[in-house]
Amino acid sequence: MSTRTSVRIADRLARWVITGGGLLMVGALVLMFVLILLEAIPLWSQPRTKLEAETKLEEAWRVLAAGENEYRELADLACADGVVRVIDLRTGQAIQELRPDEAEGLAFASATRTLTGEYALGLPNGSVLLADGRFTSTFDPSTSARVTTYRLSAGAKIALDAAGRPLTSVAGRTRESGLAVVAGSPEPGVLLAATYSEDDGAQIYDLSEKLAGEKVAVIALDDRAELLAAGTASGKVLFFSFLNRTPEAVGEATLPVSDPAPITAARYLLGGQTLVAGDAKGRLVGIQRIRRTPDAEERVPTVVQRFEPQGAAITALAASSRGKTFLSADAEGDLVTHFATNERTLTKARAAGSTAAVAISPKADGYLAILPGRLASYELTAHHPETSLHALFGKVHYEGYDKPEYNWQSTGGTDDFESKLSLVPLVFGTLKGTLYAMLFAVPVALAAALYTSMFAHRKVKALVKPVVELMAALPSVVIGFVAGLFLSPLIEKATVATLLLFPAVPVFVLIAVALFGLVKDETRKRLPEGTELMLILSVTALAVVSCAFVGPLVETVFFGGDFKAWLLTSTGLKYDTRNSLVISFAMGFAVIPIIFTISEDALSSVPEHLKAASLALGASRWQTAIKVILPTASAGIFSAVMVGFGRAVGETMIVLMATGNTPIMEWSLFNGMRTLAANIAVEIPEAPHGGTLYRVLFLGALLLFLLTFLVNTAAEVMRQRLRKKYSVI
Amino acid sequence: MAAITLGSIARPETASSPASGVPGPPLKDVIEIRGLSLFYGAKQALFDIDVVCKEKRVMAFIGPSGCGKSTLLRCLNRMNDLIDGVRIQGSIKVAGQELNSPDVDVVDVRKRFGMVFQKSNPFPKSVFENVVYGLRIQGIKDKRRLHEAAERSLRLAALWDEVKDRLNDSALGLSGGQMQRLCIARAIAVEPEILLMDEPCSALDPIATSKIEELIFALKEKFTIVIVTHNMQQAARVSDETAFFMLGKLIEVDRTDRMFTKPKEKLTEDYITGRFG
């Protein structure tokens, strides 16, 4: 008799559906991986640069400083003939020639331009003129075109050198408060500085004495006009602070080289914390003022970054107003862009001839170089200069920090903020949270599973299992909410009592068990089933209550009445309200049902005949559980723990709500942490699509994916081996 | 019993039994079951059973399915304790000691019995670890002692020659018959007084079955054996005495040769002649 057609069709259909479903599953997983990967890959796109246009410049102009507008259409050049010219980069024509009245028709001896376009012009009579240049773009509806105008408004003019010598180097800036700070040097051994405000007029300071014989080669002033750096002919950089108006010398830094050469260029980067200095042998360093020891008062200028050296003397430096990108140009015409934070070289371009001045466009999408007789305009494509393997996974010396650190701080309150994108604290936080949760959950869940499957009465088991499984159905946002808003203040109030619980509960239970053992067997047998469970529960409750009472007492006697203060003074650990202790409870609560239910199933599915064989040989139930049931169920228990681990690693809402999300790297139980998953949840709504942060978050997701994948693969291999070893016929 | 040469078996020096063949003192009653009734909740499964098993004799429990013979066997080492709602009345004495009295520890009771189950149930451990399991849980750690016991038991179970080279391999790699003999070796390694066998051959092929039967024949020199079997020929071949049960009642108990030739009860005769079952 042949098989009926309907049976055959159903059979085939089932096969197709099952195969299709499985393939779809694998496909979806692969697709997810690919999608995440595609978002993260552009982080490693190589920055590019390309010469866009060259414009001829007249020899007589001699450009001293340059700038560019944000659309990269116009450039403003301070020329030595006393004119600020606006060049249309598309046509190469000078469209505006501006002679500030205050310059009285004098030529410029020197000039520097700040990131915002303010010129400090050194005049031949020893005066400094500040002039704020600004591009303004408006949209003209009648022609549907953008109209850009340039205005140069003169600011303070300070007669810096009483001797009237021309200033060979100059720097200056007007603070938002209206106070102008300028500095200049008419000859190498002389450094003059001045502050000027409308109310107080000009205050001139002669800093020459503080040079201690050094010859000033270049000077640089930071964005806030608070710090003045002077590079000298002997390869040193001297620092002066204007914080208290009267300049003070605040230390010096020497390039860490065996053959010092004169400093030939210096420039503060955005934010005014890092000074980039280049010398006559093409070496480039980043100098920050840091505290050498954690409790030192003074900040000492220190070389913290070393950039790829160039082949000839550094002649010009330009900083970006978008980040820590800067451009260095040398006497041979090499134009190199760097990213300061991670010491990364972004792009290299070669133009013939010595570069007199450079400027990075406001959007950091291009730069200008003033070369002999011409102006070269380059395009720069560097979407993610902040990221490099070292920045993501290594220690980086960030601005304002005293040593290289792992740090995650993606955004800040100001535009000149330096994003800190180390994934290490997040991986650390993920593992820390998981570890503490597992430390709490695994023993509890496994003991519960062992009790339920081996020792509990049938009726108890019928009640306990579904109730625990119901715990798993609780949304993690609810657990996180309860943990963050109810549990953590409670634990903060009763920290000592909570900590006492860990030894107290087992001790109380053991004592109760020992006492219960004294009860006569006969009496014990007459007790209703489940009595032992009730007993344990009430003993546990008793332990909790006694801890609540004893806790404050212990706190008074041993910790001087305030555990948190004691913790801080004697161990230096800070107590955060939302900490790992809370997480171990809350995430443990989420993980326990999973580990419990899977391992209980594994234990219960150990064949009855093995249990019977062991018991018949005179083994006690406990011996049977440990020697036969546990090893036989080990594969299942192992996967239970691993599934729980996976859940804890990927858990988002609980850690998000109950950890405080502080990306610190401390194992302390009383600190919070920030996990990869919570980090994505917190930051992705505010990460601009396609931006560096956005992609780094996807990289975090990829890392999480790989972490889970690796752990699960290792677990599966282990599980298969255990299963083979303890397979049952 | 041609297949086994008992002469080669290393006898423990502590053996209290008289050497085989030598007429000893009159046989003692090792197990004495008196007025035993068993209830699964409200349902009565055994009715007022009286059976006596003699030292170093094989007692076979036979009867149709569900007659209570396995239940009775499991009463002996109190394996029924594992089942919820079981209630027992009456008395079971082993060497004069009451098993069901409240001050008797069930673990101690079980140590006096070795049990072989219908389905062979080696632990997922090595052959060696299976055999010494009972000793290990008694806390014996001395390697030499464990090895001696393992070899003795395996020889006694006629398995030594087959497994001596793979004592550390998994027991689950053995054949069905070998596994069952391993279970027997495991049961006798703890030197019990009584060996309980619950249909030990029902899952085995005829060749393996005959090996086990020969083994039972040899083992009765050392142990009192109670065997539950479906197979009347087996009962006739291996046992000295037979008890026939039906619907939880003991119908007849007698010497095997008499039982199979001249049964007193009509029901017994009907059953052993194959009129029902």
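A note on names: the letters A, B, ... follow the listed sequences, proteins ahead of strands, and every chain is numbered from 1. Remember, it's a predicted structure, so these values are computed and weren't measured experimentally.
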Between A:Ala616 and B:Asn77, which heavy-atom pair has the shortest distance, and what is it? CB-ND2, 4.0 Å

Within the structure provided, determine whether B:Pro124 and A:Leu610 are in side-chain contact (heavy-atom separation under 4.5 Å). yes

Roughly how far, to the nearest 0.5 Å, is CG of A:Leu617 from CD of B:Gln138? 9.0 Å

Is it the case that more than 12 heavy atoms not belonging to A:Phe502 sit under 6.0 Å from its CZ atom? yes

For residues B:Lys125 and A:Lys627, report the shortest heavy-atom separation together with the two atoms involved. NZ-O, 2.9 Å

Between A:Thr624 and B:Tyr133, which heavy-atom pair has the shortest distance, and what is it? CA-OH, 4.1 Å

Heavy atoms only: give me the nearest A:Ala613-B:Arg186 pair and the separation to one decimal. CB-NH2, 3.3 Å

Less than 4.5 Å to any heavy atom of chain A: does that hold for the side chain of B:Arg112, its backbone, both, or neither? neither

Tell me whether A:Arg8 at atom CZ has more than 12 heavy atoms from other residues, nucleotides or ligands lying less than 6.0 Å away. yes

Rounded to the nearest 0.5 Å, what's the gap from CD1 on B:Ile137 to CD1 on A:Ile626? Could you check? 13.0 Å

In terms of heavy-atom contacts, does CZ of A:Arg721 have more than 12 from other residues, nucleotides or ligands at under 6.0 Å? no

Can you tell me if CD1 on B:Ile207 sees more than 12 non-hydrogen neighbours from other groups inside 6.0 Å? no

Crowding at NZ, A:Lys461 (>12 non-hydrogen neighbours, <6.0 Å): yes

Can you name the nearest heavy-atom pair linking A:Ala612 to B:Met79, along with the distance? O-CE, 3.2 Å

Where on A:Lys611 is there a heavy atom nearer than 4.5 Å to chain B: the side chain, the backbone, both, or neither? neither

Looking only at A:Ser614, A:Ala619, A:Ser620, the option with the highest number of non-hydrogen pairs under 4.5 Å against chain B is A:Ser614

Atom group of B:Phe113 that falls short of 4.5 Å from chain A, counting heavy atoms: backbone

